[in-house]
Structure formats: structure tokens, C-alpha cells
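For ligands, and for the atoms within them, numbers begin at 1 and follow the listed sequence. The structure displayed is predicted, hence computed values, not measured ones. Computed from heavy atoms alone, side chains included, the values below leave out hydrogens, waters and symmetry copies.
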Amino acid sequence: MITAENLTKRFGSHTAVDNVSFVARPGQVTGFLGPNGAGKSTTMRMIMGLDRPTSGSTTVNGKPFASHRDPMTQAGALLDAKAAHPGRRAVDHLRLLAATNGLPAKRVADVLDLTGLTDVANRRIGGFSLGMHQRLGIAATMLGDPQVLIFDEPVNGLDPEGVHWVRGFARARAAEGRTVFISSHLMSEMAQTADHIIVLGKGRVLADAPLNQFLRAAENPNVRVRVSDATVLGSLLAADGVTITQTAADSLEVAGLPSHLIARAAALEGLELHELTPLSASLEEAYLALTDEATEYRSAV
Ligand SMILES: Nc1ncnc2c1ncn2[C@@H]1O[C@H](COP(=O)(O)OP(=O)(O)OP(=O)(O)O)[C@@H](O)[C@H]1O
């Protein structure tokens, strides 16, 4: 489990992470979404004790990461896949990490196997493709068999096979009961990987909800309605979970109802519809609207 409570990080006058609170739970892939510069990497670095928060706190399995006696058995983080020395062989890189962290040498063979790198274990890292670098970075996170895994943009630049592999790996680790926390700037990617999504924009949490809530919001976009009597239709549509904004004498914007139900209500009342337009079509658009600070979507999710 990972928690962040009122986490804030300032670099000079710039606030990179602004009062962020969330929980990433065991048994789930939690997607940490946001455009470049939103503060995802800085948050991950603070969780791993690599950056000190200006204020607020984070915990990994109940304690600040750095205060665990055996940190690599608590959490593994892939923050920079190219961090390994290019002249070193993959197996030696992992052996060194295991030895300096007091982990059994036999874990090296286990994690090479787990990440499909056994056949290239004796190759120098400098000759690795991006996908192999990524696998090696992920292998290192698993050396201590930790309960918590943190991957910063793990699919960036990977080919489709590499993306598929990372996705499957993350899902499999969550299915084992681990907490998997993955950042991405692509909603489409997270929609295929995450159970729960936290959206960050300009350092702030814009949304924190199960993936299926985002999917529902995208399936039921806001609908613009022009009708002979907007006041009458508005009162007919009013219900729990439905938000109605009258934008002009003959216009409404309706959130939380599909178009066909709006049309049916108008027809039953004998009202004349002049327009019925869904305002957003896709999950990606819902996410872009959110990070663009479109307030309607923030409340819809
Ligand atoms: N060491 C630093 N010194 C000054 N500013 C920093 C530092 N690290 C990050 N920042 C700034 O903090 C903000 C958040 O950066 P961060 O890397 O956390 O964002 P991100 O969401 O991970 O984006 P990206 O995907 O581009 O890495 C950015 O404006 C960045 O320029």
C-alpha cells in the first residue's frame, strides 16, 4: 500500500506537487495519469525517499520508505530505465544490486526468468534495446520480491510487443496481491492496464476514481439539448446523478443521461427537439478535458 498525505514539493517559486493526497491499494494497478510536467515523477521520487517533500508525507506499507530496515523487500521502483551502467553485463548489474542490498544471489536468476532476460543475461547492457532496458529495470524492482511496485512511464517508446508485455506484467503482479503504481500520460494506455486512476494536473489531483467510473463518464458524455421549452424538459429530466444546466431559454446541457433517454422524455411531453449533441465522445477526450481543467468533467467523474 502507498499513501500520500497533503504532499507538496516546491522548486524555488514553482510548485511541482501541490497538496496531493491518495492511496494506492494492494491487488490493484493504480494508474497515475497526467500530462508532461504534471508532477508524477516528483511524487514517485518522494515516495521512494529520493526527494524530500516541502510539506506533507508519504508511506509505503505503513511507514516512510526510507525508515524500513529492508527497503528493497518493501518496494521496487523503475524511475529511469537507462540508469544501469552500459559496460556491465545484465546479470552482473543484478548481482551487484542484490549484494549491496543484502538480498540472496539466487533472486537474480528468478528475476531474469520472470522478465524473460535469461538468454541475454551475459550481454552488456549498452547493447540492449529500449524494451530490454525496461525489462532489466523491472527485473531490478523485483529483486527483493516487494509488495509495492512503482513504474514511471514504463511503456514510453516501447514497440507494441513491449507495451503488451509491461501491461501483462503489471496485471500479473497486481493479481498476486501487490500494489502496482504506474505513471503514464496516455489515458488509452491506462484504460487497458489500471483498475484505479488518479489524474494529476499542474501538481494537483484532478480525479481519483475506479477506471469504470471514467468509462461510464465517457459513455455518458454531457449532451447539449435545444428544445421548444428548456425549463419544462429540465424539470422532467431532474433526477439523482443527473446535472442540468440551462444555458439559454431554449438550451440545456445535461450530464449523466444518454441522449436516447433525453429524446424519449421530450417526445412523451410533446416537446420539439431542435438539437441533441453529445459533447465528448471518447475516454481520451474526457481525460484531456479534465487535465485542461474543464470543470464539468471534474464533477462528472
Ligand atoms: N529538480 C528539479 N528542479 C526544478 N524543477 C523541477 C525539478 N524536478 C522537477 N521539476 C519541475 O517540476 C514539475 C513537475 O515535474 P515532474 O517531472 O514531476 O512531472 P511529470 O508529471 O513526471 O512529467 P514528465 O512526464 O514530463 O516527467 C515540472 O515543471 C518540472 O520542470
Close approach of H185 to ligand 1, heavy atoms, under 4.0 angstrom: no

For atom 29 (O) of ligand 1, the closest protein heavy atom turns out to be H14 NE2, 3.1 Å

| Is the shortest heavy-atom distance from the side chain of D145 to the side chain of T73 under 4.5 Å? | no

min-distance protein heavy atom vs atom 23 (O) of ligand 1 -> G37 N, 2.7 Å

min-distance protein heavy atom vs atom 12 (O) of ligand 1 -> A16 CB, 3.2 Å

| T59 and T3: side-chain donor and acceptor closer than 3.5 Å? | yes

Query - Heavy atom of P35, distance to ligand 1 below 4.0 Å - result: yes

| message | Does the protein come close to atom 31 (O) of ligand 1 - that is, does one of its heavy atoms sit below 4.0 Å from that atom? | response | no

Between D113 and R107, does at least one N-O distance fall below 4.0 Å, as a salt bridge requires? no

In this structure, atom 27 (O) of ligand 1 is nearest to the protein heavy atom S41 OG, 3.4 Å

Task: Proximity flag G39 to ligand 1, non-hydrogen atoms under 4.0 Å - done: yes

For the residue pair E253 and Q246, establish whether any side-chain heavy-atom pair is separated by less than 4.5 Å. no

- prompt: Is V29 close to H196 at the side-chain level, that is, under 4.5 Å between some pair of heavy atoms?
  reply: no

Discussion item. Is the distance between the ring centroids of F32 and F181 under 6.0 Å?
Written reply: yes

Check your understanding: Can you find a heavy atom in the side chain of R89 that is under 4.5 Å from one in the side chain of R123?
Key -> no

for atom 15 (O) of ligand 1, nearest protein heavy atom and its distance come out as T42 OG1, 3.7 Å

Atom 6 (C) of ligand 1 has as its nearest protein heavy atom F11 CD1, 3.3 Å

